[in-house]
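A short write-up of the structure that comes next.
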2 protein chains.
Amino acid sequence: MTRDLDQVFAALADPTRRAILTMLLEDDMAVTDVAEPFEMSLAAVSKHLGVLTAAGLISQEKHGRVKWCKLEPDALRAASVWMQGFGQFEPVNLDAFERFLATELPDASGGDR
Amino acid sequence: MTRDLDQVFAALADPTRRAILTMLLEDDMAVTDVAEPFEMSLAAVSKHLGVLTAAGLISQEKHGRVKWCKLEPDALRAASVWMQGFGQFEPVNLDAFERFLATELPDASGGDR
DNA sequence: AGCTTATTCAACCATCTGGTTGACGATTAT
DNA sequence: ATAATCGTCAACCAGATGGTTGAATAAGCT
């Protein structure tokens, strides 16, 4: 639905939120830990997490007093598919991307936590 | 650059602008013709086209008194590659991923005369 | 020259966004 | 019981966004 795409793209338009997604790529995190590297209030980060949740890009689950944030890549896939509709831009970069995967993935499996 | 992604994703977050991009997929169009199917003023559509141009998603070229709008898929490529990172990865070397993005996305906004 | 078409500009408006601070409910630790 | 921690809520603010209208610029037509 077009409404979903609105939310997903709007969520991705903020660098703080993209950074959060990148962090969550490594591991699930508590809200406080997500907020730690950013130079803004915890409330501000909490709002960003709300936007990401509303867009379906992450999910949040409360365990005790800690709320865990988890990446939900499916929402990104919808947006990705929309962009694929524009086709035409596959050749160069996806090749390079595959090479990147081939060279970097093995190393990542033993990476730092 | 992360600034470019901000603009591209923000531009894509509006359904009118996505519709415009879809129209331009078929063919280049003049501003007035782009505006025709929308129930808003020509000035509003002109602003949307300005946003798309600033994001590098389209280019505009004036011929006589008509300004032609043309899809520029390169800017989409940057965003697409960024998103690919989330669908395909499990835990991964993010520093390397950032380096990959830096080298593979030279200057997507290069069309700015 | 004078009218028409194409597009933007400028001012304005309502709403959204991203941030702040301080208070608050809930949970855990002492 | 009291205190500390986790996270959100509410109110507020400045600035961006998406729309309007009317005037202005520029090019083509007759």
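In the text below, chain A, chain B and the rest are named by the order of the sequence lines, each starting its count at 1.
C:dT7 atom C1' lies 14 Å from atom CD1 of B:I58, rounded to whole Å. Computed from coordinates, the B:M29 CE to C:dT7 P distance equals 11 Å when rounded to whole Å. Distance, A:E61 CD to D:dC6 C1': 16 Å, rounded to whole Å. Residue A:M40 contributes atom CE, which lies 16 Å from atom P of C:dT17 at whole-angstrom precision. Regarding A:E39, its CD atom lies at a distance of 15 Å from the C1' atom of C:dT20, rounded to whole Å. Atom-to-atom, CZ of A:F38 to C1' of C:dT20 comes out at 17 Å; the value is rounded to the nearest Å. For the pair B:H63 NE2 and C:dT7 C1', the interatomic distance rounds to 16 Å; values are reported in whole Å. The distance from atom CD of B:Q7 to atom C1' of D:dA16 is 13 Å, rounded to the nearest whole Å.
The ring-ring contact (aromatic ring centres under 6.0 Å, His included) analysis of residues 15-57 of chain A, with sequence neighbours excluded, yields no pairs. Residue pairs meeting the ring-ring contact (aromatic ring centres under 6.0 Å, His included) criterion with at least one member in residues 14-35 of chain A: none, sequence neighbours excluded.
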Validation: residues 28-35 of chain A side-chain donor-acceptor distances under 3.5 Å, sequence neighbours left out:
none

Enumerate donor-acceptor pairs with a distance under 3.5 Å from any side-chain N or O in residues 59-69 of chain A to protein atoms, sequence neighbours excluded.
from  : atom 1 : to    : atom 2 : distance (Å)
A:S59 : OG     : A:E72 : OE2    : 3.0
A:Q60 : OE1    : A:T53 : OG1    : 3.0
A:E61 : OE2    : A:H63 : NE2    : 3.4

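Partners of A:E36 under the side-chain hydrogen bond (donor to acceptor under 3.5 Å, both in side chains) rule, at least two apart in sequence or in another chain, do not exist in this structure.
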Run the side chain to side chain contact (heavy atoms under 4.5 Å, CB included) test on A:L76 and A:L71 for me, step by step, so that the C-alpha distance in whole Å, both residues' side-chain angles and the decisive distance to 0.1 Å come before the verdict. CA-CA 10 Å; A:L76 264 179; A:L71 197 65; 5.9 Å; no
Restricting both atoms to N or O, compile the protein contacts to nucleotides 7-11 of chain D shorter than 3.5 Å, with distance only.
from  : atom 1 : to    : atom 2 : distance (Å)
D:dG7 : OP1    : A:V31 : N      : 3.4
D:dG7 : OP1    : A:K67 : N      : 2.7
D:dG7 : OP1    : A:K67 : O      : 3.3
D:dG7 : OP2    : A:T32 : N      : 2.6
D:dG7 : OP2    : A:T32 : OG1    : 2.1
D:dT8 : OP1    : A:K67 : NZ     : 3.0
D:dT8 : OP2    : A:S46 : OG     : 2.2
D:dT8 : O5'    : A:S46 : OG     : 3.4

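Taking 4.0 angstrom as the limit, B:S41 places none of its side-chain polar atoms (N or O) nearer than this to OP1 or OP2 of D:dG19.
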